[in-house]
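Remarks on the structure that follows.
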Amino acid sequence: MPAAHTLYKFFGPLVLLCPLLMPSTSQAGKEDWTLSTHYDGKRFYNSDGSDKHLGDVSRFIWTSLANEKPWPKWRENPPADPIAERVTSGLRATYINHATVLIQVAGLNILTDPVWSKRVSPVAFAGPKRVRAPGIPISDLPEIDLILISHNHYDHLDTQSLKAIRARQEQAPLIISGLGNQKLLRKLGYETAVELDWNESRTLGETTVHFVECQHRSGRGVFDQMKTLWGSFVLETPAGNLYFAGDTGYSPHFREQGERWGPFALTLLPIGAYEPRWFMKDVHLNPQEAVQAHLDLQSQQSLGIHFGVFQLTWEAIDEPAEDLASALTDQGLASETFWVLEPGQGASLEGRE
């Protein structure tokens, strides 16, 4: 059914991009973030003013029909590695899928941007559909102490997954996100949800969590664009400093954060959803930029995230890993410098002396 297939390919990107990139005409969100230096009274903004407009969105959607490289309908995962209940020496990172990683450090179990849903979309019948299962089912997770939410796009703030995680624990994990997200997270059962501005922090046990600047955007519908704050995370832990980028374009913030918080024992950096560059460059790293971010952050070890699960843009499913390997070679870095794990695989780092 060619006509139906074309309509689906059109509607899928449209459903995804309306929340991400349509210009805002919303009067919703009356909070006054006057203490924030990157809020103009109506919306948050990036330091360099990066943005896209309706004409850019239309061009991307129509050209996607002919330019998206084919993905497999499904890809099986290898057997998952065993999960420890707690890690008290060094740290362990288990790649679950997309931007979801289980970080185990200093006795804490930390989840980044949990997504287990079949689609990342405001509707259940259309939008990007996963081609790989999450590497670890929610039922196999250890008790989660902390959840980090980088921003409110559907592939990073997945309400169904957050509800499922909350339902299996008597005590809600602490959940930290940017300004404006607290109300939604509390509705999902996270009564102690914390929202932070850039450069604000919270401490849990021996770990201090800092919410820091990145270059991206927010929105879950046409009328709430840029109404909540996006960001990355720096974690100061006994095993060294960690960095979770979430979703971001390349900008001077990487070098600034490397100078302030580096060196990092481990950085989680996105390597997928980057083509075409004219459209995605403002908000998504490509692998070459991810390697440069690794260097800017003074990272001792990086882990690639945000690739190979949902087809969000034009590149082929294996292209991010291939381009990353080439970028590492170009910079004279060993392939082991930047982990690319299969869903369900984990890797460990020894604690610092």
Side-chain angles (χ1 to χ4, degrees), residues 72-88 91-125 127-150 152-177 181 184-193 204-205 207 233 235 242 244 246 268 303-310 339-348:
K73 290 185 177 180
W74 190 253
R75 179 173 287 184
E76 293 294 334
N77 294 329
D81 291 340
I83 301 293
E85 286 299 315
R86 301 279 173 183
V87 171
T88 56
L91 69 92
R92 184 165 178 82
T94 301
Y95 177 60
I96 295 175
N97 70 174
H98 200 53
T100 310
V101 178
L102 172 64
I103 302 171
Q104 297 181 284
V105 64
L108 295 178
N109 293 325
I110 303 167
L111 271 181
T112 64
D113 288 354
V115 56
W116 270 264
S117 288
K118 183 177 180 180
R119 295 187 188 272
V120 286
S121 171
V123 296
F125 57 87
K129 183 180 179 181
R130 67 169 57 250
V131 302
R132 303 190 74 162
I136 305 292
I138 288 178
S139 59
D140 288 353
L141 290 174
E143 183 174 15
I144 301 302
D145 306 295
L146 173 64
I147 298 175
L148 307 177
I149 301 292
S150 63
N152 73 351
H153 286 161
Y154 288 91
D155 57 326
H156 295 263
L157 197 167
D158 176 17
T159 58
Q160 294 305 311
S161 295
L162 290 173
K163 287 178 182 177
I165 293 167
R166 178 66 188 95
R168 65 186 295 271
Q169 295 191 192
E170 183 176 347
Q171 182 174 346
L174 175 64
I175 189 166
I176 301 178
S177 64
N181 291 306
L184 171 59
L185 295 173
R186 287 185 172 176
K187 284 182 178 179
L188 300 177
Y190 294 84
E191 301 86 357
T192 58
L204 182 62
T207 296
F233 290 89
L235 283 71
L242 314 180
F244 168 52
L268 278 54
L303 169 63
I305 60 171
H306 203 269
F307 72 102
V309 177
F310 301 101
W339 290 328
V340 177
L341 302 178
E342 297 286 325
Q345 288 186 333
S348 298

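The structure presented is a predicted model; accordingly, all values stated were derived computationally and were not measured.
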Test His153 against Val120 for side-chain contact (heavy atoms from CB on, under 4.5 Å), laying out the working first. CA-CA 9 Å; His153 286 161; Val120 286; over 6 Å; no
Does any non-hydrogen side-chain atom of [Y] lie less than 4.5 Å from one of [X]?
X      : Y      : value
Leu174 : Ile147 : no
Pro173 : Thr192 : no
Leu102 : Ile144 : yes
Ile176 : Leu204 : no
Pro128 : Asp155 : no

Apply the test side-chain contact (heavy atoms from CB on, under 4.5 Å) to residues Leu184 and Asn152: give CA-CA distance (whole Å), side-chain angles for both, the deciding distance (0.1 Å), then the verdict. CA-CA 10 Å; Leu184 171 59; Asn152 73 351; 5.7 Å; no
Write down the atom of [X], the atom of [Y], and the distance for their closest heavy-atom approach.
X      : Y      : value
Ile305 : Gly246 : CD1-O, 4.2 Å
Leu162 : Tyr190 : O-OH, 2.6 Å
Thr112 : Ala99  : OG1-O, 2.7 Å
Arg132 : Glu76  : NH2-O, 3.4 Å
Ala80  : Gly135 : CB-O, 3.5 Å
Glu191 : Gly189 : OE1-O, 2.8 Å

Donor on one side chain, acceptor on other, Gln104 and Asn109, under 3.5 Å: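 A pair is found: one side chain offers a donor N or O, the other an acceptor, under 3.5 Å apart.
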Out of the candidates Ile103, Ile110, Ile175, only one should pair with Leu146 under the side chain to side chain contact (heavy atoms under 4.5 Å, CB included) rule; please name it.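 The side chain to side chain contact (heavy atoms under 4.5 Å, CB included) with Leu146 is passed solely by Ile110 among Ile103, Ile110, Ile175.
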Roughly how far apart are [X] [atom1] and [Y] [atom2], rounded to 0.5 Å?
X      : Y      : atom1 : atom2 : result
Arg119 : Gln160 : CZ    : CD    : 14.5 Å
Leu188 : Thr159 : CG    : OG1   : 6.0 Å
Gln345 : Asn77  : CD    : CG    : 9.0 Å
Thr94  : Asp140 : OG1   : CG    : 12.0 Å
Ser117 : Phe310 : OG    : CZ    : 7.5 Å

Side chain to side chain contact (heavy atoms under 4.5 Å, CB included) against [X], all qualifying residues, sequence neighbours excluded:
X      : answer
Arg168 : Ile138, Leu141
Glu85  : Pro142
Ala93  : Val101, Leu266, Leu303
Pro134 : Ile96, Asn97, Trp116, Arg130

Classify the angle between the aromatic ring planes of His156 and His98 as parallel (below 30°), tilted (30 to 60°) or perpendicular (above 60°).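 Aromatic pair His156/His98 classed tilted.
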Under the rule for salt bridge (Lys or Arg N to Asp or Glu O under 4.0 Å), what residues qualify as partners of Arg166, not counting sequence neighbours?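 Arg166 satisfies salt bridge (Lys or Arg N to Asp or Glu O under 4.0 Å) with no residue once adjacent residues are dropped.
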Under the ring-ring contact (aromatic ring centres under 6.0 Å, His included) rule, collect the residues that match up with Phe244, sequence neighbours excluded.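 ring-ring contact (aromatic ring centres under 6.0 Å, His included) check on Phe244 returns nothing, list empty.
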Polar side-chain atom of Thr100 near backbone of Val115 as donor-acceptor pair, under 3.5 Å: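 The answer is yes, because a donor-acceptor pair under 3.5 Å joins these two groups.
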